[in-house]
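Structure record follows, encoded as C-alpha coordinates.
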Number of protein chains: 2
Amino acid sequence: MVNYQTAVLDRTFAALADPTRRALLARLDEEEGLTVSELARPFPVSLPAIMKHLDVLSDAGLIERTKTGRTVTCQLKAAPMEQAMNWLARYERYWTEQLDRLAAFLEEDSWQANPASPSSGASKRRRRSSSRPGRSRKK
Amino acid sequence: MVNYQTAVLDRTFAALADPTRRALLARLDEEEGLTVSELARPFPVSLPAIMKHLDVLSDAGLIERTKTGRTVTCQLKAAPMEQAMNWLARYERYWTEQLDRLAAFLEEDSWQANPASPSSGASKRRRRSSSRPGRSRKK
DNA sequence: TTGATAGTTAACCATAAAGTTAAGTGTAAG
DNA sequence: CTTACACTTAACTTTATGGTTAACTATCAA
(Lines give C-alpha, C1' and ligand atoms only; values in the text may rest on other atoms or scores of the structure.)
Protein backbone atom coordinates (compact mmCIF):
# COMPACT_ATOMS: atom_id res chain seq x y z
CA MET A 1 0.00 0.00 0.00
CA VAL A 2 2.64 2.50 1.00
CA ASN A 3 4.87 2.08 -2.01
CA TYR A 4 7.92 4.28 -1.53
CA GLN A 5 8.94 6.20 -4.59
CA THR A 6 12.67 5.73 -4.40
CA ALA A 7 13.47 8.74 -6.54
CA VAL A 8 11.21 10.98 -4.47
CA LEU A 9 12.90 9.90 -1.26
CA ASP A 10 16.32 10.32 -2.86
CA ARG A 11 15.61 13.88 -3.88
CA THR A 12 13.77 14.80 -0.72
CA PHE A 13 16.41 13.54 1.69
CA ALA A 14 19.19 14.96 -0.46
CA ALA A 15 17.47 18.35 -0.51
CA LEU A 16 17.06 18.31 3.27
CA ALA A 17 20.70 17.34 3.84
CA ASP A 18 21.86 20.92 3.40
CA PRO A 19 21.46 23.38 6.30
CA THR A 20 20.95 26.36 4.00
CA ARG A 21 18.12 24.61 2.23
CA ARG A 22 16.50 23.57 5.50
CA ALA A 23 16.73 27.18 6.63
CA LEU A 24 15.13 28.36 3.40
CA LEU A 25 12.21 25.99 3.96
CA ALA A 26 11.90 27.08 7.57
CA ARG A 27 11.65 30.70 6.51
CA LEU A 28 9.01 29.85 3.94
CA ASP A 29 7.11 28.10 6.70
CA GLU A 30 7.08 31.07 9.05
CA GLU A 31 6.38 33.59 6.29
CA GLU A 32 4.84 32.59 3.01
CA GLY A 33 5.33 34.20 -0.35
CA LEU A 34 8.86 35.48 0.10
CA THR A 35 10.74 36.58 -2.98
CA VAL A 36 14.05 35.16 -4.09
CA SER A 37 16.06 38.14 -2.89
CA GLU A 38 14.17 38.33 0.40
CA LEU A 39 14.98 34.68 0.92
CA ALA A 40 18.60 35.17 0.02
CA ARG A 41 19.25 38.24 2.18
CA PRO A 42 20.05 36.56 5.53
CA PHE A 43 22.53 34.13 4.04
CA PRO A 44 26.24 34.80 3.71
CA VAL A 45 26.45 33.42 0.19
CA SER A 46 25.92 34.90 -3.24
CA LEU A 47 22.56 35.08 -4.97
CA PRO A 48 23.48 32.48 -7.61
CA ALA A 49 24.33 30.07 -4.79
CA ILE A 50 20.86 30.55 -3.33
CA MET A 51 19.47 30.15 -6.81
CA LYS A 52 21.01 26.70 -7.04
CA HIS A 53 19.58 25.74 -3.68
CA LEU A 54 16.17 26.87 -4.87
CA ASP A 55 16.65 24.74 -7.99
CA VAL A 56 17.35 21.70 -5.83
CA LEU A 57 14.28 22.44 -3.73
CA SER A 58 12.17 22.87 -6.87
CA ASP A 59 13.42 19.62 -8.36
CA ALA A 60 12.51 17.89 -5.11
CA GLY A 61 9.06 19.46 -5.32
CA LEU A 62 9.56 21.21 -2.01
CA ILE A 63 8.93 24.71 -3.32
CA GLU A 64 7.17 26.34 -6.22
CA ARG A 65 8.19 29.58 -7.87
CA THR A 66 5.77 32.08 -9.34
CA LYS A 67 6.95 35.02 -11.42
CA THR A 68 5.06 38.29 -11.09
CA GLY A 69 6.59 41.12 -13.07
CA ARG A 70 10.27 40.97 -12.31
CA THR A 71 9.95 39.40 -8.88
CA VAL A 72 9.61 35.72 -8.11
CA THR A 73 7.84 34.51 -5.00
CA CYS A 74 8.43 31.09 -3.53
CA GLN A 75 5.99 28.96 -1.69
CA LEU A 76 6.53 25.88 0.38
CA LYS A 77 5.22 22.57 -0.93
CA ALA A 78 5.64 20.14 1.91
CA ALA A 79 4.01 17.15 0.22
CA PRO A 80 7.23 15.20 -0.52
CA MET A 81 8.13 15.43 3.15
CA GLU A 82 5.24 13.16 3.93
CA GLN A 83 6.93 10.32 2.10
CA ALA A 84 10.10 10.98 4.05
CA MET A 85 8.14 10.98 7.29
CA ASN A 86 6.45 7.72 6.38
CA TRP A 87 9.76 6.11 5.61
CA LEU A 88 11.17 7.23 8.95
CA ALA A 89 8.03 6.18 10.81
CA ARG A 90 9.00 2.57 10.28
CA TYR A 91 11.84 3.09 12.75
CA GLU A 92 9.88 5.13 15.23
CA ARG A 93 9.51 2.20 17.60
CA TYR A 94 13.26 2.21 18.19
CA TRP A 95 13.12 5.45 20.11
CA THR A 96 9.64 5.14 21.55
CA GLU A 97 10.13 4.43 25.23
CA GLN A 98 6.96 2.39 25.39
CA LEU A 99 8.55 -0.27 23.28
CA ASP A 100 11.78 0.10 25.17
CA ARG A 101 9.89 -0.97 28.24
CA LEU A 102 8.28 -3.84 26.38
CA ALA A 103 11.70 -5.01 25.26
CA ALA A 104 12.98 -4.77 28.81
CA PHE A 105 10.01 -6.81 29.92
CA LEU A 106 10.67 -9.48 27.32
CA GLU A 107 14.25 -9.74 28.55
CA GLU A 108 13.17 -10.34 32.13
CA ASP A 109 13.56 -13.83 33.57
CA SER A 110 10.16 -13.68 35.19
CA TRP A 111 8.62 -13.69 31.74
CA GLN A 112 9.87 -17.06 30.54
CA ALA A 113 9.28 -18.53 33.98
CA ASN A 114 5.56 -18.89 33.26
CA PRO A 115 4.89 -20.93 30.07
CA ALA A 116 1.17 -21.07 30.82
CA SER A 117 0.50 -17.83 28.86
CA PRO A 118 2.00 -18.00 25.37
CA SER A 119 1.78 -14.48 23.90
CA SER A 120 1.43 -14.70 20.14
CA GLY A 121 3.91 -12.03 19.12
CA ALA A 122 6.70 -13.19 21.36
CA SER A 123 7.27 -16.53 19.69
CA LYS A 124 8.46 -14.83 16.53
CA ARG A 125 11.25 -13.08 18.41
CA ARG A 126 14.26 -15.35 18.54
CA ARG A 127 16.76 -13.90 20.94
CA ARG A 128 20.48 -14.10 20.45
CA SER A 129 22.37 -14.97 23.65
CA SER A 130 23.07 -11.50 25.10
CA SER A 131 24.68 -9.41 22.42
CA ARG A 132 22.78 -6.25 23.23
CA PRO A 133 24.93 -3.29 24.33
CA GLY A 134 23.66 -0.63 26.71
CA ARG A 135 20.63 1.18 25.49
CA SER A 136 20.95 4.95 25.28
CA ARG A 137 17.86 6.67 26.56
CA LYS A 138 17.87 10.36 25.77
CA LYS A 139 15.70 13.40 26.51
CA MET B 1 13.81 23.12 23.85
CA VAL B 2 14.15 21.09 20.68
CA ASN B 3 17.49 22.43 19.57
CA TYR B 4 18.33 20.90 16.21
CA GLN B 5 21.89 19.74 15.88
CA THR B 6 22.60 20.95 12.38
CA ALA B 7 25.49 18.55 11.82
CA VAL B 8 23.42 15.58 12.98
CA LEU B 9 20.61 16.47 10.58
CA ASP B 10 23.11 17.04 7.79
CA ARG B 11 24.64 13.63 8.19
CA THR B 12 21.36 11.84 8.83
CA PHE B 13 19.54 13.24 5.83
CA ALA B 14 22.60 12.79 3.63
CA ALA B 15 22.91 9.18 4.72
CA LEU B 16 19.24 8.55 3.98
CA ALA B 17 19.45 10.17 0.55
CA ASP B 18 20.93 7.03 -1.00
CA PRO B 19 18.62 4.12 -1.88
CA THR B 20 21.28 1.51 -1.20
CA ARG B 21 21.83 2.86 2.29
CA ARG B 22 18.10 2.99 2.99
CA ALA B 23 17.87 -0.62 1.85
CA LEU B 24 20.74 -1.59 4.14
CA LEU B 25 18.95 -0.01 7.09
CA ALA B 26 15.69 -1.70 6.14
CA ARG B 27 17.39 -5.09 6.11
CA LEU B 28 18.94 -4.43 9.49
CA ASP B 29 15.49 -3.58 10.74
CA GLU B 30 13.90 -6.83 9.60
CA GLU B 31 16.84 -8.97 10.66
CA GLU B 32 19.32 -7.83 13.25
CA GLY B 33 22.96 -8.73 13.53
CA LEU B 34 23.74 -9.26 9.85
CA THR B 35 27.38 -9.45 8.83
CA VAL B 36 28.98 -7.18 6.26
CA SER B 37 29.00 -9.80 3.52
CA GLU B 38 25.46 -10.91 4.30
CA LEU B 39 24.40 -7.30 3.98
CA ALA B 40 26.31 -6.86 0.76
CA ARG B 41 25.08 -10.01 -0.98
CA PRO B 42 21.78 -8.76 -2.46
CA PHE B 43 23.32 -5.64 -3.97
CA PRO B 44 24.74 -5.44 -7.47
CA VAL B 45 27.82 -3.49 -6.39
CA SER B 46 31.22 -4.49 -5.12
CA LEU B 47 32.01 -5.12 -1.48
CA PRO B 48 34.18 -2.00 -1.13
CA ALA B 49 31.24 0.06 -2.37
CA ILE B 50 29.05 -1.38 0.38
CA MET B 51 31.88 -0.76 2.81
CA LYS B 52 31.76 2.94 1.98
CA HIS B 53 28.02 3.02 2.49
CA LEU B 54 28.48 1.39 5.87
CA ASP B 55 31.09 4.03 6.70
CA VAL B 56 28.60 6.76 5.88
CA LEU B 57 25.96 5.07 8.03
CA SER B 58 28.45 4.69 10.89
CA ASP B 59 29.50 8.33 10.69
CA ALA B 60 25.84 9.29 10.85
CA GLY B 61 25.45 7.07 13.91
CA LEU B 62 22.85 4.95 12.16
CA ILE B 63 24.66 1.65 12.56
CA GLU B 64 27.31 0.18 14.83
CA ARG B 65 29.81 -2.46 13.81
CA THR B 66 31.12 -5.17 16.12
CA LYS B 67 34.02 -7.35 15.14
CA THR B 68 33.97 -10.99 16.29
CA GLY B 69 36.81 -13.03 14.96
CA ARG B 70 37.02 -12.22 11.30
CA THR B 71 33.37 -11.35 10.83
CA VAL B 72 31.74 -8.02 11.54
CA THR B 73 28.10 -7.75 12.48
CA CYS B 74 26.12 -4.56 12.06
CA GLN B 75 23.26 -3.33 14.13
CA LEU B 76 20.79 -0.58 13.52
CA LYS B 77 20.98 2.54 15.68
CA ALA B 78 17.89 4.53 14.82
CA ALA B 79 18.42 7.32 17.35
CA PRO B 80 19.55 10.01 14.86
CA MET B 81 16.39 9.41 12.88
CA GLU B 82 14.39 10.85 15.72
CA GLN B 83 15.95 14.25 15.12
CA ALA B 84 15.09 13.97 11.45
CA MET B 85 11.52 13.04 12.33
CA ASN B 86 11.25 15.96 14.71
CA TRP B 87 12.52 18.34 12.08
CA LEU B 88 9.97 17.05 9.57
CA ALA B 89 7.16 17.08 12.12
CA ARG B 90 7.15 20.87 11.93
CA TYR B 91 5.71 20.57 8.43
CA GLU B 92 3.27 17.81 9.20
CA ARG B 93 0.32 20.17 9.29
CA TYR B 94 0.80 20.89 5.57
CA TRP B 95 -0.32 17.44 4.57
CA THR B 96 -2.78 16.90 7.35
CA GLU B 97 -6.14 17.31 5.65
CA GLN B 98 -7.64 18.88 8.73
CA LEU B 99 -5.58 21.98 8.13
CA ASP B 100 -6.26 21.83 4.42
CA ARG B 101 -9.90 22.28 5.26
CA LEU B 102 -9.09 25.12 7.64
CA ALA B 103 -7.06 26.81 4.91
CA ALA B 104 -9.89 26.37 2.46
CA PHE B 105 -12.23 27.92 4.99
CA LEU B 106 -9.94 30.91 5.51
CA GLU B 107 -9.82 31.51 1.77
CA GLU B 108 -13.61 31.55 1.45
CA ASP B 109 -15.32 34.85 0.68
CA SER B 110 -17.91 34.26 3.34
CA TRP B 111 -15.16 34.60 5.90
CA GLN B 112 -14.06 38.15 5.07
CA ALA B 113 -17.67 39.21 4.59
CA ASN B 114 -18.16 39.24 8.34
CA PRO B 115 -15.64 41.60 10.02
CA ALA B 116 -17.37 41.17 13.37
CA SER B 117 -15.19 38.17 14.28
CA PRO B 118 -11.51 39.01 13.87
CA SER B 119 -9.53 35.79 14.23
CA SER B 120 -6.10 36.53 15.65
CA GLY B 121 -3.97 34.47 13.30
CA ALA B 122 -5.53 35.81 10.15
CA SER B 123 -4.30 39.38 10.47
CA LYS B 124 -0.73 38.26 9.88
CA ARG B 125 -1.70 36.92 6.51
CA ARG B 126 -1.16 39.65 3.95
CA ARG B 127 -2.44 38.59 0.60
CA ARG B 128 -0.89 39.67 -2.65
CA SER B 129 -3.40 40.67 -5.35
CA SER B 130 -4.14 37.30 -6.93
CA SER B 131 -0.87 35.62 -7.70
CA ARG B 132 -1.90 32.32 -6.23
CA PRO B 133 -1.86 29.33 -8.55
CA GLY B 134 -4.34 26.53 -8.02
CA ARG B 135 -3.79 24.62 -4.86
CA SER B 136 -3.14 20.95 -5.51
CA ARG B 137 -5.12 18.83 -3.09
CA LYS B 138 -3.86 15.30 -3.35
CA LYS B 139 -5.04 11.89 -2.20
C1' DT C 1 15.34 56.43 -22.78
C1' DT C 2 18.20 55.75 -19.37
C1' DG C 3 19.16 53.53 -15.53
C1' DA C 4 18.46 50.83 -11.38
C1' DT C 5 16.39 46.50 -9.69
C1' DA C 6 15.27 41.36 -9.73
C1' DG C 7 16.47 37.43 -11.32
C1' DT C 8 18.92 34.18 -14.37
C1' DT C 9 22.70 31.99 -16.98
C1' DA C 10 27.45 30.77 -18.05
C1' DA C 11 31.99 29.44 -17.04
C1' DC C 12 34.83 28.04 -13.80
C1' DC C 13 36.89 25.86 -9.39
C1' DA C 14 37.47 22.78 -5.35
C1' DT C 15 35.88 19.13 -2.96
C1' DA C 16 33.01 15.22 -1.95
C1' DA C 17 30.41 11.04 -3.40
C1' DA C 18 29.95 6.62 -5.48
C1' DG C 19 31.82 3.44 -7.88
C1' DT C 20 35.73 0.42 -9.73
C1' DT C 21 40.02 -2.99 -9.43
C1' DA C 22 43.91 -4.61 -6.99
C1' DA C 23 46.41 -5.50 -3.13
C1' DG C 24 46.76 -6.10 1.97
C1' DT C 25 45.50 -7.86 6.94
C1' DG C 26 44.01 -11.03 10.13
C1' DT C 27 41.51 -15.21 11.53
C1' DA C 28 39.85 -20.00 10.70
C1' DA C 29 40.36 -24.42 8.85
C1' DG C 30 42.71 -28.35 6.24
C1' DC D 1 51.98 -24.04 7.55
C1' DT D 2 49.39 -22.92 3.95
C1' DT D 3 45.24 -21.78 1.99
C1' DA D 4 40.77 -19.87 2.01
C1' DC D 5 37.69 -16.51 3.89
C1' DA D 6 35.99 -11.93 5.71
C1' DC D 7 36.96 -7.71 5.61
C1' DT D 8 39.79 -3.49 4.82
C1' DT D 9 42.70 -0.13 2.40
C1' DA D 10 44.68 2.14 -1.54
C1' DA D 11 44.62 4.29 -5.85
C1' DC D 12 42.03 5.87 -9.36
C1' DT D 13 37.82 7.55 -12.30
C1' DT D 14 33.59 9.93 -12.96
C1' DT D 15 30.05 12.74 -11.74
C1' DA D 16 27.65 15.74 -8.46
C1' DT D 17 27.70 19.66 -5.06
C1' DG D 18 28.33 24.08 -3.49
C1' DG D 19 30.47 27.92 -4.21
C1' DT D 20 32.47 31.89 -6.94
C1' DT D 21 32.54 36.10 -10.52
C1' DA D 22 30.92 38.12 -14.63
C1' DA D 23 27.69 38.88 -17.99
C1' DC D 24 22.95 38.84 -19.55
C1' DT D 25 17.54 39.58 -19.67
C1' DA D 26 13.57 41.74 -18.33
C1' DT D 27 10.83 45.04 -15.76
C1' DC D 28 9.92 49.17 -13.24
C1' DA D 29 10.84 54.11 -12.36
C1' DA D 30 12.82 58.81 -13.26
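Computed from a prediction, not measured in an experiment: that's the story for all the values here. All chains are named by letter (A, B, ...) in the order of the sequence lines, taking the proteins before the strands, and each is independently numbered beginning at 1.
In this structure, the CG atom of B:Asp55 is 14 Å from the C1' atom of C:dG19, given to the nearest Å. Atoms CD (B:Glu38) and P (D:dC5) sit 16 Å apart, rounded to a whole Å. To the nearest angstrom, P of D:dT17 lies 13 Å from CG of A:Leu57. One interatomic measurement links the two molecules: CZ of B:Arg70 to P of C:dA29, which rounds to 6 Å at whole-angstrom precision. Between A:Arg22 atom CZ and D:dG18 atom P the separation is 11 Å, expressed in whole Å. The CG-P distance, from A:Leu47 to D:dA22, rounds to 15 Å in whole Å. Across the protein-nucleic acid pair, B:Arg41 atom CZ and D:dC7 atom P stand 9 Å apart, rounded to whole Å. Separating the CG atom of A:Leu54 from the P atom of C:dT9 is a distance of 12 Å, rounded to the nearest angstrom.
Residues B:Pro48 and A:Arg21 each lie close to DNA chain D; by heavy-atom proximity, the contact nearer the 5' end of the strand is made by B:Pro48. Position along DNA chain C of the nearest nucleotide to B:Ala14 versus A:Arg65 favours A:Arg65 as the more 5'-ward residue. With the nearest nucleotide of DNA chain D identified for both B:Lys67 and A:Lys52, B:Lys67 has the one nearer the 5' end.
A donor-acceptor pair is defined here as one N or O able to donate and one able to accept, closer than 3.5 Å; no such pair exists between the side chain of A:Arg11 and the backbone of A:Gly61. Side-chain atoms of B:Tyr91 never come within 3.5 Å of backbone atoms of A:Lys77 as a donor-acceptor pair (strictly under, hydrogens ignored). The closest donor-acceptor contact from the side chain of B:Arg22 to the backbone of B:Leu16 lies under 3.5 Å.
The only option from B:Asp55, B:Thr73, B:Thr35 that meets the side chain to side chain donor-acceptor pair (under 3.5 Å) definition with B:Arg65 turns out to be B:Asp55.
Set against C:dT20, C:dG7, D:dC7, the side chain of B:Val36 has D:dC7 as its closest nucleotide. Proximity note for A:Ser37 (side chain, C-beta onward) versus D:dT8, C:dG7, C:dA18: the nearest is C:dG7.
Annotation: the span from B:Leu62 atom CG to B:Leu24 atom CG amounts to 11.0 Å, rounded to 0.5 Å.
In this structure, A:Ser46 reaches the D:dT20 phosphate: one of its side-chain N or O atoms is under 4.0 Å from OP1 or OP2. OP1 and OP2 of C:dA17 both lie 4.0 Å or more from every side-chain N or O belonging to B:His53.
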